[in-house]
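Both backbone and side-chain heavy atoms feed into the values below; hydrogens, waters and symmetry mates do not. What you see is a predicted model, and the numbers here were worked out from it, not measured in a lab. Residue numbers count from 1 along this sequence.
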Amino acid sequence: MITSTLKNTSLRTGRSFDLGKMNLRQLWIAYLTYPTILLYFALALCSFGIMVHTFVSWLPVAISVSSVVLVYPLVWYAIHRFILHGRFLYRLKWTSALWKRIHFDHHQDPHLLDVLFGSPLNTIPTIAIVTIPIGFAIGQIAGAAAAFGAGLTITCIYEFFHCIQHLNYKPRMSWIQRMKQRHVLHHFHNENGNYGITSFIADRLFRSYYVDAKSCRRSPSVFNLGYDQAEAQRYPWVMDLTGSPPRDRPDGANPNRNAA
């Protein structure tokens, strides 16, 4: 089963997997063998190993981990809303390739696994910057290691549920169904809301949460994130990298392939 999934040409698009054609078992195989996820697992284990080796008391370690659990959704919300959906990265030539890789490609075709997962060159430094100072301030080296390990673990959880949200699969549990429906709306109806992945508490706090397509108008930039043909003429660097002008509705962006 593992070999057939990894070599199945109907599931793979180049070096990526097409989540719109996969079932849950196939996702588990792809997820647990994906190099980025394996790297996160390895770094998390190393971090927890350092924590065990250096800790003096479990209390600061527990507080460090709890703090990361509380802060992480807010940080992800801010990054997703104000950086990934901001328009300044594609307007600068030296950051245009970064923006294309970390979010534009994902919205152009939400089903491709390799662009759904962030590049470790971007994600790991971000996780470290967010978590290590918190942990170190609370529990020195052990706290920093615990916080970094917690951040990596949460990222793995986020990434798995993010895959579920784009998978050709209807979850059995109602809370996962609701989570998936909100994220599908973000990708196929209006990208200016529902920025959360597993939690939408921050969306509720900052008034960017909506429950269905009737709650707000359909966004004309839901697939191109504002990088339309007019913007591409002014800031051509992303268009040059893709080799074609941005499309308002890419071929791969079909909500029926993964509707909950």
Side-chain angles (χ1 to χ4, degrees), residues 11 13 16-24 26-27 30 76-77 79-87 89-90 99-118 158-204 206-232 238 242 244-260:
L11 299 179
T13 303
S16 183
F17 287 95
D18 188 334
L19 291 168
K21 298 177 181 178
M22 298 174 71
N23 58 38
L24 184 59
Q26 291 166 335
L27 170 62
W76 166 249
Y77 176 89
I79 291 173
H80 193 184
R81 180 173 183 176
F82 299 112
I83 297 178
L84 303 186
H85 281 266
R87 300 191 177 187
L89 288 178
Y90 73 70
W99 181 76
K100 173 187 177 296
R101 169 63 182 88
I102 61 177
H103 217 53
F104 179 70
D105 286 349
H106 178 50
H107 272 262
Q108 285 280 283
D109 192 341
H111 303 295
L112 292 184
L113 192 63
D114 67 326
V115 294
L116 181 151
F117 290 149
Y158 273 24
E159 296 288 38
F160 181 76
F161 280 105
H162 197 182
C163 291
I164 290 287
Q165 291 161 346
H166 294 287
L167 189 68
N168 183 23
Y169 164 75
K170 183 174 181 178
R172 296 180 181 180
M173 289 182 256
S174 59
W175 67 274
I176 301 180
Q177 290 179 18
R178 290 192 296 271
M179 181 179 64
K180 181 172 181 174
Q181 288 164 355
R182 303 302 181 265
H183 191 69
V184 167
L185 287 168
H186 172 79
H187 271 276
F188 298 102
H189 183 69
N190 191 313
E191 80 283 12
N192 299 306
N194 292 355
Y195 295 102
I197 298 297
T198 62
S199 170
F200 296 94
I201 294 175
D203 283 286
R204 292 178 185 271
F206 298 107
R207 299 178 180 273
S208 57
Y209 179 73
Y210 65 102
V211 297
D212 54 41
K214 297 178 182 178
S215 302
C216 59
R217 66 178 180 83
R218 185 186 182 279
S219 169
S221 57
V222 68
F223 295 116
N224 60 38
L225 307 186
Y227 188 75
D228 55 19
Q229 295 198 29
E231 286 287 87
V238 173
T242 61
S244 62
R247 294 170 291 172
D248 292 334
R249 187 178 182 84
D251 296 337
N254 181 359
N256 294 326
R257 295 166 69 186
N258 68 341

Side-chain contact test, heavy atoms from C-beta onward, threshold under 4.5 Å: evaluate it for Q181 versus V184 and give yes or no.
-> no
Pick from K100, R101, H107, H106: which one makes a side chain to side chain donor-acceptor pair (under 3.5 Å) with H103?
-> H107
Mind checking whether H187 and H162 have parallel, tilted or perpendicular rings, split at 30° and 60°?
-> tilted
State which residues pass side-chain hydrogen bond (donor to acceptor under 3.5 Å, both in side chains) with R87; sequence neighbours excluded, sorted by chain then number.
-> none
Roughly how far, to the nearest 0.5 Å, is CG of N192 from CZ of R217?
-> 7.5 Å
Before giving the answer on side-chain contact (heavy atoms from CB on, under 4.5 Å), spell out for R178 and F200 the whole-Å C-alpha distance, their side-chain angles and the decisive distance to 0.1 Å.
-> CA-CA 11 Å; R178 290 192 296 271; F200 296 94; over 6 Å; no
Is there side-chain contact between Q165 and H186, with at least one heavy-atom pair below 4.5 Å?
-> no
Give the minimum heavy-atom separation between K21 and Q26, together with the two atoms involved.
-> O-OE1, 4.0 Å
Over all heavy atoms of both residues, which pair between G226 and S221 is shortest? Give the atoms and the distance, please.
-> N-CB, 3.3 Å
Please list, chain by chain and in numerical order, all residues satisfying ring pair (Phe, Tyr, Trp, His ring centres under 6.0 Å) with F161, sequence neighbours excluded.
-> W175
Separation between CG of L185 and OG of S219, rounded to the nearest 0.5 Å = 12.5 Å
Heavy-atom closest contact (L116 atom, P110 atom, distance) = CD1-O, 4.3 Å
CG-CG distance between L19 and L112, expressed to the nearest 0.5 angstrom | 8.0 Å
Test item: Y195 and F206 side chains (from C-beta on) under 4.5 Å apart, heavy atoms = no
In chain order, what residues pass the side chain to side chain contact (heavy atoms under 4.5 Å, CB included) check against L24, with sequence neighbours excluded?
-> L27, W28, F160, I164, L167, Y169
Any idea which heavy atoms bring F104 and T242 closest together, and the distance?
-> CE2-CG2, 4.3 Å
Can you list the steps and then say if I79 with L84 is a side-chain contact (heavy atoms from CB on, under 4.5 Å)?
-> CA-CA 6 Å; I79 291 173; L84 303 186; 4.1 Å; yes
Any idea which heavy atoms bring K180 and P171 closest together, and the distance?
-> CD-CD, 4.1 Å
Residues in side chain to side chain contact (heavy atoms under 4.5 Å, CB included) contact with S215, at least two apart in sequence or another chain = Y210, V211, D212
Work out which heavy atom in G196 is nearest to a heavy atom in D203; give both atom names and the distance.
-> N-OD2, 2.9 Å
Output, in order, the C-alpha distance, side-chain angles, deciding distance and verdict of side-chain contact (heavy atoms from CB on, under 4.5 Å) for W99 and L225.
-> CA-CA 11 Å; W99 181 76; L225 307 186; 3.9 Å; yes
For T198, check side-chain hydrogen bond (donor to acceptor under 3.5 Å, both in side chains) against everything at least two apart and list the hits.
-> none
Flag side-chain contact, heavy atom, 4.5 Å: N224 against Q108 = yes
Residues forming a ring pair (Phe, Tyr, Trp, His ring centres under 6.0 Å) with H189, sequence neighbours excluded = none
